[in-house]
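Per chain, numbering begins at 1; letters A, B, ... match sequence-line order. Being a predicted model, the structure only gives us computed values, none of them experimental.
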2 protein chains.
Amino acid sequence: MSSYPDPTSSAAAGSVLAPDPFQQAAGEAGSPALCAAVRDRLREGGLRWTPQRRALIEVLAETDGHVTTAELVERCRERDPATIPSTVYRTLDMLEDLGVVRHCHRPDGREEYHVLPEHEHGHLYCRACGGCWELERDESDRIVGMLERGQGFAVDLSHVTIVGRCRACRETG
Amino acid sequence: MSSYPDPTSSAAAGSVLAPDPFQQAAGEAGSPALCAAVRDRLREGGLRWTPQRRALIEVLAETDGHVTTAELVERCRERDPATIPSTVYRTLDMLEDLGVVRHCHRPDGREEYHVLPEHEHGHLYCRACGGCWELERDESDRIVGMLERGQGFAVDLSHVTIVGRCRACRETG
DNA sequence: TGCGTTATTGCAACTCATTGCAGATAGGCG
DNA sequence: CGCCTATCTGCAATGAGTTGCAATAACGCA
């Protein structure tokens, strides 16, 4: 959570949003501000603010980068051992609908989440060593542009993981 | 199973193989030839030829394109109601090690399989309508080439699914 | 403060996929 | 044909993630 890209890059394709108060809160002041921002947003939408949701949001606020659902459940359990996994899953879904987090899939199919705003990026994943890298910005721009122009297809980069073998693994055979 | 690309495109990256007898069998004559070819290959490797494996291979031989694991289990059960899912999964893994099938992941993380040889291709998947298309050959060539040149990364196209929104869904909002 | 409404949670069941272990069996050899 | 070896299967358990339903609780209003 170290950089704040153009907010449109975190928004649904085709939609241009003004900077969002709770996304700024996520970036600026960590857990208390994020909690307050999310709580307000929930109430605007007629949704509830619960202790379970607070706990998860606090965990997310102190999380950098990608995190597995198992890790999130475990960290919520540290705060409240009565945490139920299905509640965590549901809350994550809700937070994603709200635009607070975003999920993506590892190459083995498993889910991971990260907190927005984060500039949308794709990944390279090496099947030999398990290493994972961000796509370079110019590479992803080219892919996005090519598919936009060619097929009118709007790429969702957060779900792009290009799988193969990295240079080092290719050299060691 | 209508075209027979350069066999190297079905092989492990970095390895160049002569055309493989059982891959030709898969393409030429359907179930009996594929069964025989796989059986021979198994025996060469000290592995066993079992009724469960035969049933799965027969199902695969009559399958065109991608198929979910649930579908494969169901189809094996039609042949033998005593089919056990874990055996199907294990057999699919083994067949993939042998180069007979290949798996990939749907955008929701679930697995699908298809029978080789099939020219390796990536996919476009629209999250709005669920439509799925093959990447155009020139598009995938460009992606592959760009990452090869830029980071020395060898792309495994069968695991590339680019997620986003298709032209039609973008136009309908 | 109490009540009513309804969103949310806990629980249990489910699907998908993996894995350990003991019994079954494929298949080579004498 | 019988024996032996070791691969393979069936079974049960597990983890990841989803979902229906009844009970709980958030929260607005009087």
Side-chain angles (χ1 to χ4, degrees), chain A residues 35-36 38-57 59 66-77 79-98 100-113 159, chain B residues 35-36 38-57 59 66-77 79-98 100-113 159:
Chain A
C35 287
V38 176
R39 188 195 59 216
D40 293 346
R41 188 66 177 270
L42 288 177
R43 286 176 175 164
E44 286 165 22
L47 304 183
R48 308 288 167 80
W49 178 243
T50 67
Q52 293 85 354
R53 291 176 173 185
R54 171 189 284 279
L56 178 56
I57 289 161
V59 168
H66 292 218
V67 61
T68 64
T69 46
E71 178 83 26
L72 290 172
V73 171
E74 189 50 45
R75 306 250 290 277
C76 287
R77 293 182 64 86
R79 287 164 184 263
D80 175 12
T83 295
I84 305 292
S86 66
T87 299
V88 176
Y89 284 113
R90 282 179 168 136
T91 306
L92 286 165
D93 282 348
M94 178 217 62
L95 290 176
E96 185 161 17
D97 289 344
L98 225 44
V100 179
V101 297
R102 195 147 206 174
H103 85 275
C104 62
H105 293 278
R106 298 169 10 186
D108 65 3
R110 297 284 160 78
E111 289 187 328
E112 283 186 342
Y113 281 82
H159 272 70
Chain B
C35 287
V38 175
R39 188 195 60 216
D40 293 347
R41 188 66 177 266
L42 289 176
R43 287 175 174 164
E44 285 166 21
L47 303 183
R48 307 288 168 83
W49 178 245
T50 68
Q52 294 84 353
R53 293 174 173 186
R54 171 188 283 281
L56 178 56
I57 289 160
V59 167
H66 290 216
V67 61
T68 63
T69 45
E71 178 84 27
L72 289 172
V73 172
E74 188 52 43
R75 305 252 289 277
C76 286
R77 292 182 64 86
R79 286 164 184 262
D80 175 10
T83 294
I84 304 292
S86 65
T87 300
V88 175
Y89 284 112
R90 282 179 167 136
T91 306
L92 286 166
D93 282 348
M94 175 217 65
L95 290 175
E96 187 164 17
D97 289 344
L98 224 44
V100 179
V101 297
R102 193 145 209 176
H103 86 276
C104 61
H105 293 279
R106 296 167 14 183
D108 66 0
R110 298 283 160 78
E111 289 187 329
E112 285 187 341
Y113 282 82
H159 271 71

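- Looking only at side-chain heavy atoms (C-beta outward), B:L92 and B:H103 stay at 4.5 Å or farther from each other.
- An OP1 or OP2 oxygen of D:dG17 is reached within less than 4.0 angstrom by a side-chain nitrogen or oxygen of A:Y89.
- The CD-P distance, from B:E44 to C:dG27, rounds to 14 Å in whole Å.
- One atom, CZ of B:R110, and another, C1' of C:dT18, lie 14 Å apart when rounded to the nearest Å.
- Atom CD1 in A:I57 sits roughly 12 Å away from atom P in C:dT8 (whole-Å rounding).
- Atom CD in A:E71 sits roughly 16 Å away from atom P in D:dG15 (whole-Å rounding).
- B:I57 has its side chain within reach of B:L95: a pair of non-hydrogen atoms, C-beta onward, lies under 4.5 Å apart.
- One can place CZ of A:R77 at 12 Å from P of D:dG15, the figure rounded to the nearest angstrom.
- Rounded to whole Å, atom C1' of D:dG28 lies 16 Å from atom CZ of A:R39.
- Counting to the nearest Å, the C1' atom of C:dT18 and the CD atom of B:E96 are 15 Å from each other.
- The closest side-chain heavy-atom distance from A:T69 to A:V88 is not below 4.5 Å.
- Atoms CG (A:L92) and C1' (D:dT18) sit 13 Å apart, rounded to a whole Å.
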With side chain to side chain contact (heavy atoms under 4.5 Å, CB included) as the test, would you mind laying out the steps for A:R77 and A:E74 before giving the verdict?
CA-CA 5 Å; A:R77 293 182 64 86; A:E74 189 50 45; 4.3 Å; yes

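- Counting heavy atoms from C-beta outward, B:E111 and B:H105 have side chains that approach closer than 4.5 Å.
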Protein-nucleotides 7-11 of chain D N/O pairs closer than 3.5 Å?
residue, atom, partner, partner atom, Å
D:dT7, O4', B:R48, NH2, 3.3
D:dC8, OP1, B:R48, N, 2.8
D:dC8, OP1, B:R53, NH1, 2.5
D:dC8, OP1, B:R53, NH2, 3.1
D:dC8, O5', B:R53, NH2, 3.0
D:dT9, OP1, B:T50, OG1, 3.0
D:dT9, O3', B:Q52, NE2, 3.2
D:dG10, OP1, B:Q52, NE2, 3.3
D:dG10, OP2, B:T87, OG1, 2.7
D:dG10, O6, B:R90, NH1, 3.0
D:dC11, N4, B:S86, OG, 3.3

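- Between A:L42 and A:M94 the shortest side-chain heavy-atom distance falls below 4.5 Å.
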